[in-house]
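Worksheet: the structure to be examined is printed underneath.
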Number of protein chains: 2
Amino acid sequence: MPKDRAPTRIQKKNRAAILEAALNVFSAHGFRGATVDQIAAEAGLSKPNLLYYFPSKEAIHTALLSGLLDTWLAPLHDLDENGEPMEEILSYIKRKLQMSRELPRESRLFANELVQGAPRIHDALSNDLKALVDQKAAVLTHWMDQGKIARLHPHHLIFSIWALTQHYADFDVQVRAILGDEDPFEGAAPFIDTLYRKLLTP
Amino acid sequence: MPKDRAPTRIQKKNRAAILEAALNVFSAHGFRGATVDQIAAEAGLSKPNLLYYFPSKEAIHTALLSGLLDTWLAPLHDLDENGEPMEEILSYIKRKLQMSRELPRESRLFANELVQGAPRIHDALSNDLKALVDQKAAVLTHWMDQGKIARLHPHHLIFSIWALTQHYADFDVQVRAILGDEDPFEGAAPFIDTLYRKLLTP
DNA sequence: CGTGAGTTTGACCAGATGGTCAAATCAAGA
DNA sequence: TCTTGATTTGACCATCTGGTCAAACTCACG
């Protein structure tokens, strides 16, 4: 294990390669289904070499998840209470859908973890995530009080956005199996936009 | 392996116990994360005894999935083109949400499989499922042509219903971590109902 | 160019896991 | 009750997998 000095050029390169490979493998097979050998091979390292940079499989997984959680929640974090309500929400939705298109591995990484009861990130959910969602729910409620958007259960409104947008990344195979050649996001973007315009108009 | 005569009393009982246990274990840990020992223990059998009824872990999983696929798709199958459009759709949604509440294990079983690329049911998706969805999409389009419901992309309308309802089963931990004591379905049912009333009204 | 820290690897280990098998036990009909 | 097929099990095996370790190699820098 490298000392805790400033990371060398090689350390930076290899750590990045490992996390990139781990994202591929964990998102495609889940924690249990992923093997250290697989990750090492995909990162272009031998298994002992990989374990020189991370002490265990679990450590790689944890590093990945906590490193990506901020990225994942950034769009919600950026929802601005001083912005124009309908515009803010629609642009949040647009960003979330874009993330499903551009970062499907990240989406599936979290989906894998959540579907199996989130054994490794349960704390982050009930603390950080809950706090963020509660705060943004308050913003939504405020907008509803002002009559700027229709009155709805704010938490379920957020859940609905997550469900609708992440569905296209998490269940990509199913969506594509049904749509055939048609690009999923081509149709999804206007559909979801229309849906929330109708739903949120007071 | 039992001969292919009529199943004995014991065979019926044990097969059922195995599938029930397998549903628990596979839905909670995914295919790779589940172990035969775990399933056997939960079914009250020894591992060799379990393998007397099913030739392999894979065979149990396949039997489960194909046995449950019909159950899972029954609500969509029952969508009646001769019924009153808005009523039919809202009752389909209600049934789907009820299934998320009452059969969360089944939902997560499929979610686990789909999120990992559906390696074991890809054929069923592109054949049976696609056919069913295309057929029902045609029904929806017909209703739109008649002006009975708002014009929308029928496939994405169906996806949205799946996403919104199954979210509550698949990502149960996350939903509960955020809602705290509040019953998820208590709020979800009216929210989703309102959403589709607004969306579908022409 | 020498040296010490940083990096890489082949060989290895222990435990978990899917699966087999022959022998033992049980159940039900004649 | 006796027989025969159904059921159950303990012991066992091969493979996979996460992880270790000492030795070898490479790199940066004085």
Side-chain angles (χ1 to χ4, degrees), chain A residues 1-65 112-113 116 119-120, chain B residues 1-65 112-113 116 119-120:
Chain A
M1 348 141 179
K3 302 289 167 63
D4 53 3
R5 307 180 187 175
T8 69
R9 173 182 57 87
I10 295 178
Q11 273 169 40
K12 267 190 208 168
K13 193 194 67 178
N14 283 346
R15 277 179 185 280
I18 290 169
L19 290 175
E20 169 70 14
L23 176 56
N24 275 334
V25 178
F26 281 134
S27 69
H29 304 289
F31 180 79
R32 194 64 173 7
T35 74
V36 177
D37 276 303
Q38 222 178 332
I39 298 172
E42 193 141 339
L45 301 173
S46 66
K47 181 168 60 166
N49 199 9
L50 181 151
L51 289 169
Y52 169 73
Y53 291 98
F54 288 90
S56 68
K57 179 184 176 183
E58 178 111 22
I60 307 172
H61 193 249
T62 301
L64 243 197
L65 282 173
N112 258 304
E113 184 68 9
Q116 291 178 19
R120 277 167 285 272
Chain B
M1 342 125 186
K3 303 288 167 61
D4 54 1
R5 307 182 187 175
T8 68
R9 172 182 57 89
I10 295 177
Q11 275 171 37
K12 267 190 209 166
K13 193 192 65 177
N14 284 346
R15 277 178 186 278
I18 291 169
L19 290 175
E20 169 70 15
L23 176 56
N24 276 333
V25 178
F26 282 132
S27 68
H29 305 288
F31 180 78
R32 194 70 176 356
T35 75
V36 177
D37 276 303
Q38 222 178 333
I39 298 171
E42 193 141 337
L45 300 174
S46 66
K47 181 168 59 168
N49 198 10
L50 181 151
L51 290 168
Y52 169 71
Y53 291 98
F54 289 89
S56 69
K57 180 185 177 182
E58 179 112 22
I60 306 173
H61 193 249
T62 302
L64 243 197
L65 283 173
N112 258 303
E113 183 69 9
Q116 292 179 18
R120 277 168 283 272

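This is a predicted model, so every value here is computed, not measured.
Side-chain contact between A:Phe54 and A:Val36 is absent, with no heavy atoms from C-beta onward closer than 4.5 Å.
OP1 or OP2 of C:dT7 lies within a sub-4.0 Å distance of a side-chain N or O belonging to A:Thr8. Proximity of A:Tyr53 to the phosphate of C:dG6: no side-chain N or O atom is located under 4.0 Å from OP1 or OP2. Put simply, B:Arg15 has no side-chain N or O that comes within less than 4.0 Å of OP1 or OP2 on D:dT7. When the side-chain nitrogen and oxygen atoms of A:Asn14 are compared with OP1 and OP2 of C:dG6, none of them lie within a distance under 4.0 Å. Phosphate proximity of D:dG10 to B:Ser46: absent, as no side-chain N or O sits under 4.0 Å from OP1 or OP2. Of the side-chain N and O atoms in B:Arg9, none sit less than 4.0 angstrom from OP1 or OP2 of C:dA27. Look at B:Tyr52 and you won't find any side-chain N or O under 4.0 angstrom from OP1 or OP2 of D:dT8.
Looking at the side chain of A:Gln11, the nearest of the listed nucleotides C:dA27, C:dG6, C:dC21 is C:dG6. Distance from the side chain of A:Arg32 is smallest for C:dT17 among the nucleotides C:dT7, D:dT20, C:dT17.
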Review point. So A:Lys12 and A:Thr8, side chain to side chain contact (heavy atoms under 4.5 Å, CB included) or not? Walk me through it.
Key: CA-CA 6 Å; A:Lys12 267 190 208 168; A:Thr8 69; over 6 Å; no
Practice item. In sequence, state the C-alpha distance, the side-chain angles, and the governing distance for A:Glu58 and A:Arg120, and then conclude on side chain to side chain contact (heavy atoms under 4.5 Å, CB included). Key: CA-CA 9 Å; A:Glu58 178 111 22; A:Arg120 277 167 285 272; 3.3 Å; yes
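When the nearest nucleotides of DNA chain C are assigned to B:Pro48 and A:Leu45 by heavy-atom distance, the more 5′-ward of the two goes with A:Leu45. If B:Ala34 and A:Asn49 are placed on DNA chain C by their nearest nucleotide, the residue sitting closer to the 5' end is A:Asn49.
Summarising the geometry, the separation between CZ on B:Phe31 and P on C:dT17 is reported as 13 Å, rounded to the nearest angstrom. Rounded to whole Å, the distance from CD1 on B:Ile18 to C1' on D:dT8 is 12 Å. Straight-line distance from the CZ atom of A:Phe26 to the C1' atom of D:dG18: 12 Å, rounded to whole Å. Computed from coordinates, the A:Ile39 CD1 to D:dG19 C1' distance equals 14 Å when rounded to whole Å. Separating the CD1 atom of B:Ile10 from the C1' atom of C:dC26 is a distance of 8 Å, rounded to the nearest angstrom. In this structure, CD of A:Glu58 is placed 18 Å from P of D:dT17, rounded to the nearest angstrom. Atom pair A:Leu51:CG and C:dG6:P shows a separation of 19 Å (rounding to whole Å applied). Straight-line distance from the NZ atom of A:Lys13 to the P atom of C:dT7: 10 Å, rounded to whole Å.
Aromatic ring orientation, B:Phe31 versus B:Phe26: parallel (interplanar angle below 30°, classes split at 30° and 60°).
For the atom pair B:Arg32 CZ and A:Thr35 OG1, the distance stands at 7.0 Å (nearest 0.5 Å).
Contact annotation: side chain of A:Lys47 to base of D:dG18, donor-acceptor pair present below 3.5 Å.
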